[in-house]
Amino acid sequence: MSEERSLNFIEQIVTDDIANGVNDGRVLTRFPPEPNGYLHIGHAKSIALNFGLAQQFNGKTNLRFDDTNPVTEDTEYVDSIKADIRWLGYEWAQELYASDYFEQIYEFAVTLIKKGLAYVEDASAEQIAASKGTPTTPGTPTPARSRSVEENLDLFTRMRNGEFKDGEKTLRAKIDLASPNMHMRDPLMYRIKHTHHHRTGDKWCIYPMYDFAHGQSDSIEKITHSLCTLEFIPHRPLYDWFIKELEIFPSHQYEFSRLNLTYTVMSKRKLKQLVEEKYVSGWDDPRMPTISGLRRRGYTPASIRQFCERVGVQKREQMIDLGLLEFCVREELNKTANRVMAVLDPVKLVLTNYPEGQVEEMTAENNPEDAAAGSRTLHFSKTLYIEREDFMEEPPKKFFRLGPGLHVRLKNAYIIKGESVEKDADGNITTIYASYLPESKSGGDHSGMTVKGTIHWVSAEHAATAEVRLYDRLFKSENPSAEEGDFKDFINPESLQVIKEAYVEPGLLQAKAGDRFQFMRKGYFTVDPDSTPEKVVFNRTVTLKDAWAKEKGKA
RNA sequence: UGCCCGAUAGUAUAACGGUAGUACGACAGACUCUGACUCUGUUUGUCUUGGUUCGAAUCCAGGUCGGGCAACCA
C-alpha cells in the first residue's frame with residue numbers, strides 16, 4: 001500500500017462531488033488557451049491540473065481554444081499549443097473551439113433579449129465606462145437600457161448582418177448597475193469587429209466577449225469542473241448568472257493561484273515583448289519560461305510535471321524559487337543522462353613521462369546511477385586538455401585539484417602530479433606540465449595513493465570541437481515585474497555565454513538534437529537543433545550543484 | 001476607501017478541533033575515481049487581538065498586511 005498524498009482543495013471538491021453523486025460521478029475538465037501566444041510554465045501548471053485531475057478521477061479533458069478575439073489570434077499559436085501539450089505528455093479527448101459554438105452562443109443571446117435580460121447599447125466605450133459608476137458609487141442607465149424586446153431583437157439581427165461599424169453598437173446583459181461587483185453592472189456580451197477570424201473566416205462580424213463565451217462553451221460541452229486562475233473570481237457570479245438565466249448545463253468554476261517563478265516574467269505580453277524586441281532569439285529561446293524554450297533548454301516533460309506536482313494547487317499567491325525547477329530536472333537527469341567529458345575552457349596539459357605517440361584505451365562508465373547504461377572507450381595520450389579552472393599556481397588550502405606538486409586523478413585514467421607551467425607574454429598559462437603514475441591506472445590501481453580530487457579531460461589529438469551555449473537566468477532581479485520602471489532594465493546581461501570551441505569526447509559528434517548528457521562536473525547539456533554534422537551545438541540545461549563555488553564564495 | 005480572495009520556517013506545501021510535519025534552500029558532517037549523486041545532523045514557522053472549547057493553525061468576531069476588480073482583452 002503506497003502512502004496517499006493529501007488532496008489539494010480542488011481534488012477535495014471533486015472527491016466530494018463524486019461521493020455525492022454530482023453529475024453521476026462524471027469528471028470532465030478543459031484546458032482553454034487563447035491562441036494568441038505560446039504556452040509557458042504557468043500554463044503547464046494548469047495543464048497538469050486539468051489533465052491530471054481527469055486521469056486521477058477517471059474523467060476526460062477537452063482542449064478548447066478560446067478564440068473569441070480574431071484581432072489577436074492565429075493558427076500559428078494553435079499549432080504550437082497542441083505540440084506543447086502533447087510534448088508534456090497529455091492527450092485531449094476532443095479538440096474544440098469556442099468559435100464552433102458561435103451560432104449557439106448567438107441563440108443564447110437572443111434568448112436573453114427575449115427574456116428582457118439583454119439590450120443593444122448605442123453608447124461608446126468611454127460613455128459606457130463613465131455610466132458604470134465607480135466601485136463606491138452606482139452606475140446610471142443609458143437611454144438604450146429601456147429599449148423594447150422587439151427593437152433589441154431587430155438591432156441585434158442588424159448587428160449580425162453587418163449594418164453597423166465597429167464600436168457603433170454592443171450587446172449588454174441587463175443585470176444590476178448598482179452591484180458592488182463591477183462585472184455585474186450590465187457587462188458587454190457582444191461587440192462588432194469586422195475582422196477575419198482564423199477559423200470562421202468572414203462569416204461573423206460580431207464576436208462574443210469572454211464572459212459570454214467561456215461559461216457557455218463549458219456548459220455546451222458539459223464540463224463538470226471549470227478551473228481557472230484567481231483573477232476570474234469576480235467573474236464567477238456572472239458565469240453563474242448566465243447559466244441560470246439560460247437554463248443550461250450548470251458547469252462550475254473554481255479558481256486557483258497562478259504560478260510565479262523567481263528571476264523571470266510570466267505574462268504573455270511581456271514575453272511577447274522580449275521576442276519582438278529581440279532580447280531573446282524567439283519564443284523558444286532556451287532562456288524563456290515557455291514550454292518550447294524549456295524543451296530547447298533540455299528540460300524533460302517528466303521534470304516539468306514533477307515540478308507542477310511539487311508546487312501544489314492553492315488560492316494563495318505563490319512565488320516559486322527557480323531552484324525548485326532546476327532541482328526537478330537535475331533529479332531526473334541524474335538518473336537518465338549519460339556522463340561524458342567536455343572541456344569548456346581548455347588549457348593544454350602535457351604528461352612529461354608519458355611515452356610520445358602512445359595511445360591507451362580507457363573504459364568509462366556511462367552512468368554510475370544506471371548499470372544498464374553500459375560503458376564506452378576513451379583514448380588517452382600524452383597531450384590532453386583540462387579545464388583552466390582546475391589548475392592553480394598558488395592553490396589555497398582546500399583546493400583538491402591540480403597545482404605545482406599537487407596530485408589529482410584524471411577521471412578514468414591516471415593520477416598525475418603537477419610540475420610546471422609555460423606562459424605567454426601576458427602571463428597566461430599556455431601549457432601545464434605534469435607527470436603521471438603508471439601504476440595508478442583506473443581499474444588496476446596499485447599505487448597505494450589516494451587523492452582527494454578527480455578532474456575531467458580530453459585527449460588533444462582525439463577530441464572533437466563543439467559549440468557550447470551557457471545559459472543563466474534571464475533576469476538579475478528575483479521579481480522583475482515588481483521592480484520600479486521597465487522590467488527589461490533588469491535583464492541579466494550574462495544570461496547567455498557562447499563558447500565557440502569547447503573540446504569534447506569524439507563520440508559526441510554522433511549526438512542528435514534533443515539528446516541529453518551530463519558533462520561531468522559541469523552540468524547537464526542537450527544538443528540544440530542548430531547543430532549540423534560539422535558542428536554540434538550544446539545548450540546547458542542546468543549546472544551541477546557546486547560545493548566548491550560556494551566554498552570559494554566564502555573566502 | 002465599495003466588493004472579492006488570501007495569510008503556517010527563506011520559498012512552497014501538509015496537519016480536516018487532539019504531539020505543527022514534508023520538500024526545496026541554508027548550515028555542519030560522512031561517503032566519493034564527478035567538490036555530483038547518496039546519507040546523517042542542525043537551524044528557522046501558525047499575521048494580530050479577543051472569543052468559543054477540556055483542547056484552536058483549524059471554528060467565530062475585530063484588526064493588520066498582501067493580492068484582485070471599474071478593457072468593445074482573456
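Just so you know, these numbers use all the heavy atoms, side chains as well, and skip hydrogens, waters and symmetry mates. Because the structure is predicted, anything quoted here is derived from the model rather than measured. Here is the naming used below: chain letters follow the sequence lines, and residue numbers restart at 1 for every chain.
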Would you mind classifying the nucleic acid contact of [X] as base, sugar-phosphate or nothing, using non-hydrogen atoms under 4.0 angstrom?
| X | value |
| --- | --- |
| A/Arg185 | nothing |
| A/Ala213 | nothing |
| A/Phe327 | sugar-phosphate |
| A/Ala123 | base |
| A/Lys411 | base |
| A/His235 | base |
| A/Asn412 | base |
| A/Phe232 | base |
| A/Gly139 | nothing |
| A/Lys398 | base |
| A/Asn181 | nothing |
| A/Lys441 | base |
| A/Met319 | sugar-phosphate |
| A/Glu121 | nothing |

Quick check for you: among [options], whose closest atom lies nearest to any side-chain atom of [X]?
| X | options | result |
| --- | --- | --- |
| A/Pro368 | B/C37, B/C73, B/U34 | B/U34 |
| A/Ile233 | B/C5, B/A15, B/U1 | B/C5 |
| A/Asn69 | B/A74, B/A36, B/A14 | B/A74 |
| A/Asn334 | B/C5, B/C37, B/A7 | B/C37 |
| A/Pro234 | B/U34, B/C16, B/C69 | B/C69 |
| A/Arg339 | B/U34, B/A15, B/G6 | B/U34 |
| A/Glu369 | B/A36, B/A70, B/C72 | B/A36 |
| A/Phe399 | B/G35, B/U34, B/G25 | B/G35 |
| A/Lys545 | B/A36, B/C73, B/A14 | B/A36 |

Tell me the interatomic distance from [X], atom [atom1], to [N], atom [atom2], rounded to whole angstroms.
| X | N | atom1 | atom2 | value |
| --- | --- | --- | --- | --- |
| A/Ile10 | B/C16 | CD1 | C1' | 17 Å |
| A/Leu322 | B/A12 | CG | P | 14 Å |
| A/Asn36 | B/A71 | CG | P | 20 Å |
| A/Gln318 | B/A23 | CD | C1' | 14 Å |
| A/Gln314 | B/G68 | CD | C1' | 17 Å |
| A/Leu7 | B/U13 | CG | C1' | 14 Å |
| A/Glu387 | B/G35 | CD | P | 12 Å |
| A/His197 | B/C73 | NE2 | P | 13 Å |

Next on the checklist: By the definition side chain to side chain donor-acceptor pair (under 3.5 Å), identify the one residue from A/Arg409, A/Glu439, A/Glu360 that meets it with A/Tyr414.
Outcome noted: A/Glu360
Modelled atom types, side-chain donor and acceptor of [X] and [Y], under 3.5 Å:
| X | Y | answer |
| --- | --- | --- |
| A/Gln216 | A/Ser219 | no |
| A/Tyr524 | A/Gln518 | yes |
| A/Asp186 | A/Tyr119 | yes |
| A/Arg339 | A/Asn366 | no |

Measuring only the [atom1] atom in each nucleotide, how far is [N] from [M]? A whole number of Å is fine.
| N | M | atom1 | answer |
| --- | --- | --- | --- |
| B/U52 | B/A56 | C1' | 10 Å |
| B/C65 | B/C59 | C1' | 22 Å |
| B/G45 | B/A57 | P | 15 Å |
| B/A20 | B/C39 | C1' | 26 Å |
| B/A26 | B/G10 | C1' | 8 Å |
| B/A12 | B/G6 | C1' | 15 Å |
| B/U38 | B/C60 | C1' | 49 Å |

Checklist outcome for this item: Taken to the nearest 0.5 Å, the spacing of A/Asn8 CG from A/Leu53 CG works out to 7.5 Å
For [N], does either OP1 or OP2 sit under 4.0 Å from a side-chain N or O belonging to [X]?
| X | N | result |
| --- | --- | --- |
| A/Arg521 | B/G35 | yes |
| A/Arg310 | B/A23 | no |
| A/Arg236 | B/G68 | no |
| A/Lys550 | B/C27 | yes |
| A/Arg269 | B/A74 | no |
| A/Thr68 | B/A74 | yes |
| A/Lys452 | B/U34 | no |

Checklist entry - Is the aromatic ring centre of A/Trp548 closer than 5.5 Å to the centre of the six-membered base ring of B/G35, with the two planes inclined by less than 30°? => result yes
Checklist entry - For the residue pair A/His197 and A/Tyr207, does the interplanar ring angle fall in the parallel (under 30°), tilted (30 to 60°) or perpendicular (over 60°) class? => result parallel
Can a salt bridge be assigned to the pair [X] and [Y] using a cut-off of 4.0 Å between side-chain N and carboxylate O?
| X | Y | value |
| --- | --- | --- |
| A/Arg236 | A/Glu255 | yes |
| A/Glu387 | A/Arg401 | no |
| A/Glu478 | A/Arg473 | no |
| A/Lys193 | A/Asp166 | no |

Checklist outcome for this item: On a heavy-atom basis, the closest approach of A/His198 and A/Pro35 is NE2-CG, 4.2 Å
Checklist entry - Could you write out RNA chain B as a dot-bracket string, with dots for unpaired bases, | for bases paired across to another strand, and Watson-Crick or G-U pairs counted at under 3.5 Å? => result .((((((..((((....[..)))).(((((.......)))))....(((((..]....))))))))))).....
Checklist outcome for this item: Per nearest nucleotide of RNA chain B, the residue lying toward the 5' end, A/Pro32 or A/Gln12, is A/Gln12
Item to check | Check: A/Arg316 side chain, B/G66 base, donor-acceptor under 3.5 Å | outcome: no
